[in-house]
Number of protein chains: 2
Amino acid sequence: MKELQSEYQCAINLVIDLIGGKWKVLLLWHLNEGDKRFNELRRTIPEITKKMLTQQLRELEGHGLVKRTVFEEVPPRVVYSTTDFGRKLQPVLYGMCQWGDDYAEKEGIQMNSCWTGRDFMQK
Amino acid sequence: MKELQSEYQCAINLVIDLIGGKWKVLLLWHLNEGDKRFNELRRTIPEITKKMLTQQLRELEGHGLVKRTVFEEVPPRVVYSTTDFGRKLQPVLYGMCQWGDDYAEKEGIQMNSCWTGRDFMQK
DNA sequence: TCATTAGGTTACCCTTTAGTAACTCAGTTA
DNA sequence: TAACTGAGTTACTAAAGGGTAACCTAATGA
């Protein structure tokens, strides 16, 4: 699992270590909509592989942003949810989204977003 | 130079492509304090190598977040500054910093920050 | 007896990112 | 004539990140 540094020059680099990479913000996004099972997430994000899904969820869990609940059944049932601290990141994600959307619009980049800053503004 | 994707699932992934990596937010941070020359940045961030500094500045420039001004002199003089659009990112960086600082405090991670969210709150 | 289920793990490989060290350019100073 | 200046470039190497395909578990249903 990805280890955080023991010291950072800038808090933003810590944030990037926590939520950077190809899948984490997407996972946090979908988990903020509500708790989800492993294969539910796979269906929601069909491009992610099992390996990456477990790996990224385990890191989010290890860093305290996501909670993993195992029900001892066969076949197994595992439910993922965001922690309180993970949920505190939402406004930050909104801010990033809005700026990113402005950039995308300015540069003509297509946004097939599950969610955009613009959506948020309208709510 | 790092090419952006032509399409993103989530604006946040675009933002991470724009400011992710080891050096960019640090560079944006220092350039927001005021325009700086190449070797001035090297002195401000002694750990960065020339190669990474040019590379990262060139990407920030290519993505329209930083402006590069060359004065045709010998020895050369090159001044870097943030663009208007780059400056619009500041509040987002603040938000990220504050959340990152909370995380660092909670987890006992040391912050040798040029700047922290806490500083901002006191201003 | 065999396949199916959910939620993984493992070995292997390729690509991207970051770092090192040497080299360049043209004019100024010693 | 040689060294120094600022702002780089280049070739090479090491490390991190991401992807593929095969395998595992224990109970259930056909």
Side-chain angles (χ1 to χ4, degrees), chain A residues 1-5 8-10 13-27 30-31 35-63 66-81, chain B residues 1-5 8-10 12-14 16-27 30-31 35-63 66-81:
Chain A
M1 139 106 170
K2 169 171 198 158
E3 294 300 328
L4 299 177
Q5 290 161 230
Y8 283 83
Q9 293 225 346
C10 181
N13 283 323
L14 166 60
V15 176
I16 287 177
D17 275 2
L18 287 168
I19 63 163
K22 201 166 166 182
W23 303 110
K24 285 182 182 170
V25 288
L26 216 53
L27 289 170
H30 288 299
L31 290 178
D35 301 0
K36 295 220 163 34
R37 297 180 60 175
F38 186 83
N39 280 339
E40 220 173 333
L41 284 168
R42 285 233 286 159
R43 279 190 296 275
T44 313
I45 310 170
E47 315 79 41
I48 197 170
T49 62
K50 292 180 191 194
K51 178 193 155 188
M52 288 312 287
L53 184 53
T54 1
Q55 195 181 94
Q56 300 299 296
L57 285 169
R58 284 307 204 307
E59 286 185 11
L60 287 168
E61 190 200 0
H63 296 147
V66 156
K67 185 161 166 268
R68 177 173 180 264
T69 312
V70 183
F71 296 85
E72 295 292 353
E73 307 168 359
V74 170
R77 179 156 59 103
V78 179
V79 174
Y80 293 91
S81 50
Chain B
M1 131 112 169
K2 168 172 200 158
E3 293 301 328
L4 299 177
Q5 289 160 230
Y8 283 83
Q9 294 224 346
C10 182
I12 295 174
N13 283 324
L14 167 59
I16 287 176
D17 276 1
L18 287 168
I19 63 161
K22 203 167 166 183
W23 303 111
K24 284 183 182 172
V25 288
L26 216 53
L27 288 171
H30 288 297
L31 290 179
D35 303 359
K36 294 220 163 35
R37 297 179 61 173
F38 186 83
N39 280 339
E40 218 172 335
L41 284 167
R42 285 232 286 160
R43 278 190 297 274
T44 314
I45 311 169
E47 314 80 44
I48 198 170
T49 62
K50 293 178 190 195
K51 178 193 154 189
M52 289 311 289
L53 184 53
T54 359
Q55 196 182 93
Q56 301 299 297
L57 285 170
R58 284 309 205 303
E59 286 186 11
L60 288 168
E61 190 199 0
H63 295 147
V66 158
K67 185 161 167 267
R68 177 174 180 263
T69 311
V70 183
F71 295 85
E72 295 294 352
E73 305 168 359
V74 171
R77 179 156 59 103
V78 178
V79 173
Y80 293 92
S81 50

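Computed from a predicted structure; not experimentally measured. A, B, ... follow the sequence lines: proteins, then strands. Residue 1 opens every chain.
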Testing the basics here: between [X] and [Y], what is the closest heavy-atom pair and its distance to 0.1 Å?
X      : Y      : result
K2(A)  : H63(A) : O-NE2, 3.4 Å
K50(B) : T54(B) : O-OG1, 2.6 Å
R68(A) : Y80(A) : NE-OH, 3.2 Å

Tell me whether the side-chain N/O atoms of [X] come closer than 4.0 Å to OP1 or OP2 in [N].
X      : N      : answer
R37(A) : dG7(C) : yes
R68(A) : dG8(C) : yes
R58(B) : dG8(D) : yes
Y80(A) : dA6(C) : no

Atom [atom1] of [X] to atom [atom2] of [N]: distance rounded to whole Å?
X      : N       : atom1 : atom2 : answer
K36(A) : dG7(C)  : NZ    : C1'   : 18 Å
I16(B) : dT16(C) : CD1   : C1'   : 16 Å
L41(B) : dA7(D)  : CG    : C1'   : 12 Å
E73(B) : dA7(D)  : CD    : C1'   : 12 Å
E40(B) : dG6(D)  : CD    : P     : 11 Å
E3(B)  : dT16(C) : CD    : C1'   : 14 Å
R43(B) : dT5(D)  : CZ    : P     : 12 Å
E72(B) : dT5(D)  : CD    : C1'   : 16 Å

Sequence neighbours excluded and cut-off under 3.5 Å, please list the side-chain donor-acceptor pairs for residues 17-25 of chain B, or say none.
| residue | atom | partner | partner atom | Å |
| --- | --- | --- | --- | --- |
| D17(B) | OD2 | Y8(B) | OH | 2.6 |
| K24(B) | NZ | E59(B) | OE1 | 2.6 |

Quiz prompt | Reading 5' to 3' through nucleotides 12-30 of chain D, protein heavy-atom contacts under 4.0 Å coded B for base, S for sugar-phosphate only, - for none | solution = -----SBBB-----BS---
Quiz item: Are the side chains of I12(B) and L26(A) in touch, meaning some heavy atoms are under 4.5 Å apart?
Solution: no
Exercise. Find out whether T44(A) and L31(A) are in side-chain contact, i.e. whether some heavy atom of one side chain is under 4.5 Å from a heavy atom of the other.
Key: no
Quiz item: Of all residues at least two apart in sequence or in a different chain, which pass the side chain to side chain donor-acceptor pair (under 3.5 Å) check with E3(A)?
Solution: none
